[in-house]
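All values below were derived from every heavy atom in this structure, side-chain atoms included, with hydrogens, water molecules and symmetry-related copies excluded. All residue numbers refer to positions in the sequence shown, counting from 1.
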Amino acid sequence: MLSEKIKEYLKEESLYDETEDENYQRVITKLNIDQNSAFADFNTHTNAVTFSGKGNDLYNVCWFAINSSYYAQVKNMSIALKLPEEYIPLDSFEGEGGYFYNRNTGQVLELELGNNYVAFQNGTLQPQWDDFISFLEWYFEIA
């Protein structure tokens, strides 16, 4: 679940909605993500399509899964970038870089083509955020 600090920020920005959306919950299930995770809470209770912060605009993954070719994007990025299947994109990978959520660990990885990508493929680059909450705090600059 999201921290109160993040929920308050999202509410202040008019981005948080308490309403339960069954379609969004089905997406979380289809993606094999824990319904009680911060990732699920964020994506099922926010009411924007994308979010601006540091770096690329983040997706509301549920909205994109329902209204775009998100599942194909997951598959194509996995193949093109040789990513383990547990990683799903959090953005469009514009500018040859983006964020990826690890469905198994809850960690978030920032990946860019070049040395960063080579380091990840060699196993020397690990996810920069241990959990989705710390990633959101960094992304939205929540102190």
Side-chain angles (χ1 to χ4, degrees), residues 1-21 23-25 27-28 30-143:
M1 302 305 271
L2 291 174
S3 67
E4 286 305 313
K5 183 170 39 171
I6 291 173
K7 279 186 186 179
E8 285 305 312
Y9 170 81
L10 294 170
K11 287 176 182 177
E12 287 171 11
E13 299 295 317
S14 300
L15 296 172
Y16 193 81
D17 186 349
E18 297 286 343
T19 308
E20 297 283 330
D21 185 315
N23 292 324
Y24 280 22
Q25 290 173 339
V27 168
I28 295 298
K30 186 174 181 176
L31 289 170
N32 295 319
I33 296 170
D34 180 359
Q35 290 283 347
N36 295 315
S37 67
F39 180 88
D41 196 11
F42 177 79
N43 284 282
T44 60
H45 286 98
T46 51
N47 55 27
V49 174
T50 60
F51 305 90
S52 296
K54 293 182 179 178
N56 295 347
D57 284 352
L58 292 183
Y59 289 162
N60 179 314
V61 168
C62 294
W63 187 94
F64 273 85
I66 293 168
N67 297 292
S68 76
S69 58
Y70 181 76
Y71 293 110
Q73 180 185 7
V74 170
K75 183 178 179 181
N76 293 337
M77 281 191 179
S78 180
I79 291 168
L81 297 172
K82 298 177 183 147
L83 293 174
E85 70 178 38
E86 61 265 21
Y87 283 98
I88 59 171
L90 298 179
D91 59 36
S92 63
F93 204 70
E94 287 182 39
E96 301 180 341
Y99 306 109
F100 294 86
Y101 178 73
N102 184 315
R103 296 182 265 198
N104 295 342
T105 66
Q107 296 171 313
V108 179
L109 169 73
E110 182 177 15
L111 191 60
E112 297 171 333
L113 295 183
N115 292 338
N116 177 277
Y117 174 74
V118 171
F120 179 72
Q121 291 301 318
N122 291 337
T124 58
L125 175 68
Q126 298 299 311
Q128 294 89 338
W129 296 274
D130 288 334
D131 56 65
F132 195 65
I133 290 174
S134 60
F135 170 74
L136 289 177
E137 288 175 351
W138 171 83
Y139 182 81
F140 290 122
E141 299 185 86
I142 301 171

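Environment of NZ in Lys11: crowded, with over 12 heavy atoms of neighbouring residues, nucleotides or ligands closer than 6.0 Å. Other residues, nucleotides and ligands place more than 12 heavy atoms under 6.0 Å from the CD atom of Gln128. Dense packing is recorded around NZ of Lys54, with more than 12 heavy atoms of other residues, nucleotides or ligands lying under 6.0 Å away.
Interatomic distance, Thr19 OG1 to Asn47 CG, rounded to the nearest 0.5 Å: 9.0 Å. With rounding to the nearest 0.5 angstrom, the CG atom of Asp57 is 12.5 Å from the CG atom of Leu90.
By the 4.5 Å heavy-atom criterion applied to side chains, Tyr101 and Ile33 are counted as neighbours.
The two residues Leu2 and Ile6 make their nearest non-hydrogen contact at CD2-CG2, 4.1 Å. For the pair Lys5 and Ile142, the tightest heavy-atom approach, listed with the atom from each and the gap, is CG-CG2, 3.4 Å.
No salt bridge links Glu18 with Lys7; every basic N to acidic carboxylate O contact stays at or beyond 4.0 Å.
For the side-chain hydrogen bond (donor to acceptor under 3.5 Å, both in side chains) with Asn60, the lone residue among Thr46, Thr50, Asn67 that qualifies is Thr46.
Between the side chains of Thr124 and Asn122, no donor-acceptor pair is found at a separation under 3.5 Å. No hydrogens or angles considered: nothing links the side chains of Gln25 and Gln35 as a donor-acceptor pair under 3.5 Å.
When ring centroids are compared, Phe100 and Phe120 stay outside the 6.0 Å threshold. When ring centroids are compared, Phe42 and Phe51 come within the 6.0 Å threshold.
The backbone N or O of Gly97 sits less than 3.5 Å from a side-chain atom of Asn56, completing a donor-acceptor pair. The backbone N or O of Glu137 lies less than 3.5 Å from no partner atom in the side chain of Tyr9, so there is not a single donor-acceptor pair.
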